[in-house]
Amino acid sequence: MNKTDKIYVAGHRGLVGSAIVRNLETKGYVNVIGRTHKELDLTNQAMVRDFFEKEKPDVVVLAAAKVGGINANNTAPADFAYENMQIQCNVIDCCHKYKVKKLLFLGSTCIYPKMAPQPIPEDALLTGPLEETNEAYAIAKIAGLEMCKFYKRQYGDDFISCMPTNLYGPYDNYDLEGSHVMPAMIRKFHEAKVNHMPTVELWGTGTPLREFLYVDDMADACVFLLENYEGEQHVNIGTGKEVTIKELAETVQKAVGYEGKIVWNKAMPDGTPRKLTNVDKLHHLGWTHKVELEEGVAFAYQWFKENVDIARM
């Protein structure tokens, strides 16, 4: 990529997209553009075509998606499947038709098979049944990954994909009806502390193992791949380290300074029992993460405290 390339980051105001914009600008890319949902509805094929016709971006990062936690995926599977496939089909096909030099499509490690080998290698995709609680989202994102591969195979388009692990950090979604585990914990512990509540209820048993990556590390890896990778296979982005949900809760509790008790609601689902990425491919390419969990949680909570009024609640 050239520093003057016009780079369109779809989803530039979200957790992932905003971090990628920050990283690009820090590295000296001077022509990074974005559009809000009101300005450009990516599910609208005509609007997407008009945007590409007018702006003609050189590089596209597809970080826009309908995302959510277990509850959101369970209650609206049709919406997750339909909207994500609309977004992907519209953007990926326009990247081909308008001769975009490079496209980076972002998947998620939650779309690997439920019982994938641990740590999960890239070639585990499509080798077994999916986790039931996010099956619709997974099917849609898998379709996007495969589309990038097929366009590269058929037309030679430089379309690459990556598979980030669980992310957290500035501009996350703190709506308890649709958030992921980390922001939900940050909000719950913060509100319990502010309101002097004696207990905080968390879902499940606390035993599942998860890997967490600070979003600015993820963004750095994405830009690294844009600059250095042209392969057909997607690339895992993660730390290669895991903690139990209980250990995560204790880390968040400590960062927030909440001194009450954690109550585990074991009637609620745990989700996938373990989900750790094999990051050997990324390490061999020359990139490793920098921010460890305790430091990252402290960063995330500091941002939340300073931005409660604008955080997605």
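What you are looking at is a predicted structure, and each value in this text was computed from that prediction instead of being measured. All heavy atoms count here, side chains included; hydrogens, waters and symmetry mates do not.
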Starting from Tyr174, can I reach Met197 by hopping between I/L/V/M/F/W/Y residues whose side chains sit under 4.5 Å apart?
no
Please work out whether the ring planes of His234 and Tyr112 are parallel, tilted or perpendicular, with thresholds of 30° and 60°.
tilted
Asn278 side chain vs Pro119 backbone, donor-acceptor pair below 3.5 Å
no
For Lys3, is the NZ atom crowded, meaning more than 12 foreign heavy atoms sit under 6.0 Å from it?
yes
Regarding Arg274 and Glu242, does a basic nitrogen lie under 4.0 Å from an acidic carboxylate oxygen?
yes
For His12 versus Val21, what's the shortest heavy-atom pair and its separation?
CB-CG2, 4.0 Å
Salt-bridge contact Arg35-Glu55 (side-chain N to carboxylate O under 4.0 Å):
yes
Heavy atoms, side chains only, cut-off 4.5 Å: are Thr133 and Asn73 in contact?
no
pair Pro164-Val215: side-chain heavy atoms closer than 4.5 Å
no
Check this for me, if you would: do Asp220 and Lys290 make a salt bridge, where the nitrogen-to-carboxylate-oxygen distance has to be below 4.0 angstrom?
yes
Do Ile237 and Leu282 pass the side-chain contact (heavy atoms from CB on, under 4.5 Å) test, and can you show the C-alpha distance, the side-chain angles, and the key distance before you say yes or no?
CA-CA 7 Å; Ile237 300 178; Leu282 187 57; 4.2 Å; yes
Are side-chain N/O atoms of Asp217 and His289 paired as donor and acceptor at under 3.5 Å?
no
Should Val9 and Phe51 be counted in the same cluster of Ile, Leu, Val, Met, Phe, Trp and Tyr side chains packed under 4.5 Å apart?
no
Can you list the steps and then say if Val61 with Cys222 is a side-chain contact (heavy atoms from CB on, under 4.5 Å)?
CA-CA 9 Å; Val61 179; Cys222 286; 5.9 Å; no
With a 4.5 Å cut-off on side-chain heavy atoms, are Lys281 and Pro121 touching?
no
Pair Asp93, Tyr151: side-chain N/O donor-acceptor within cut-off below 3.5 Å:
yes
How are the rings of Tyr8 and Phe52 set to each other: parallel, tilted or perpendicular (split at 30° and 60°)?
perpendicular
Under-4.0 Å salt bridge between Lys66 and Asp79
no
Please round to the nearest 0.5 Å and tell me the distance separating atom SG of Cys148 and atom CD of Gln233.
13.5 Å
Mind checking the CZ-OG1 spacing from Phe212 to Thr239? Nearest 0.5 Å is all I need.
10.0 Å
I'd like to check Phe224 versus Tyr229 (side-chain heavy atoms, cut-off strictly below 4.5 Å). Are they in contact?
no
Linked, directly or transitively: Met182 and Leu202 (ILVMFWY side chains, under 4.5 Å):
yes
Does Met185 form a side-chain contact (heavy atoms from CB on, under 4.5 Å) with Gln253? I'd like the steps, not just the answer.
CA-CA 8 Å; Met185 284 184 181; Gln253 182 180 20; over 6 Å; no
Hey, does Val30 have a side-chain heavy atom less than 4.5 Å from the side chain of Thr4?
yes
Can you tell if the side chain of Ile245 reaches within under 4.5 Å of the side chain of Arg210, non-hydrogen atoms only?
yes
Any chance you could measure Ser161, atom OG, to Ile92, atom CD1, to the nearest 0.5 Å?
7.0 Å
Against the six-membered ring of Phe159, is Lys152 placed for a cation-pi contact (under 6.0 Å from the centre, within 45° of the normal)?
no
Angle between ring planes, Phe304 versus His190, binned at 30° and 60°: parallel, tilted or perpendicular?
perpendicular
same_hphob_cluster(Leu103, Val223) at 4.5 Å side-chain heavy-atom cutoff:
no
To the nearest 0.5 angstrom, please state how far the CG atom of Leu24 sits from the CG atom of Leu226.
7.0 Å
Checking Gln88 side chain against Ala140 main chain: does a donor-acceptor pair fall under 3.5 Å?
yes
To the nearest 0.5 Å, what is the distance between CG (Leu276) and NZ (Lys241)?
11.5 Å
Examine Leu209 and Tyr168 and state if one hydrophobic cluster contains both, with Ile, Leu, Val, Met, Phe, Trp and Tyr joined whenever side-chain heavy atoms are less than 4.5 Å apart.
no
Are the side chain of Glu122 and the backbone of Val235 linked by a donor-acceptor contact shorter than 3.5 Å?
no
When rounded to the nearest 0.5 angstrom, what is the spacing between CE in Met47 and CG in Leu40?
5.5 Å
Of the non-hydrogen atoms in Val48 and Cys94, which two are nearest, and what is the gap between them?
CG1-SG, 3.9 Å
Do Val16 and Leu167 come within less than 4.5 Å of each other through their side chains, counting heavy atoms only?
yes
Please give me the minimum heavy-atom distance between Tyr98 and Arg49, naming the atom from each residue.
OH-O, 3.7 Å
Would you name the heavy atoms of Ile186 and Val256 that are closest together and state the gap between them?
O-CG2, 4.4 Å
Got Asp5 and Tyr29 here, is their nearest side-chain heavy-atom distance under 4.5 Å?
no
May I ask you to say whether Glu53 pairs ionically with Lys56, meaning some side-chain N is under 4.0 Å from a carboxylate O?
yes
Does any N or O in the side chain of Glu25 come within less than 3.5 Å of the main-chain N or O of Val32, such that one atom is a donor and the other an acceptor?
no
Can we say Glu250 and Lys246 salt-bridge, meaning some charged N sits less than 4.0 Å from an Asp/Glu carboxylate O?
yes
Could you go through the side-chain contact (heavy atoms from CB on, under 4.5 Å) check for His180 and Asn166 one step at a time?
CA-CA 9 Å; His180 289 100; Asn166 298 294; 5.5 Å; no
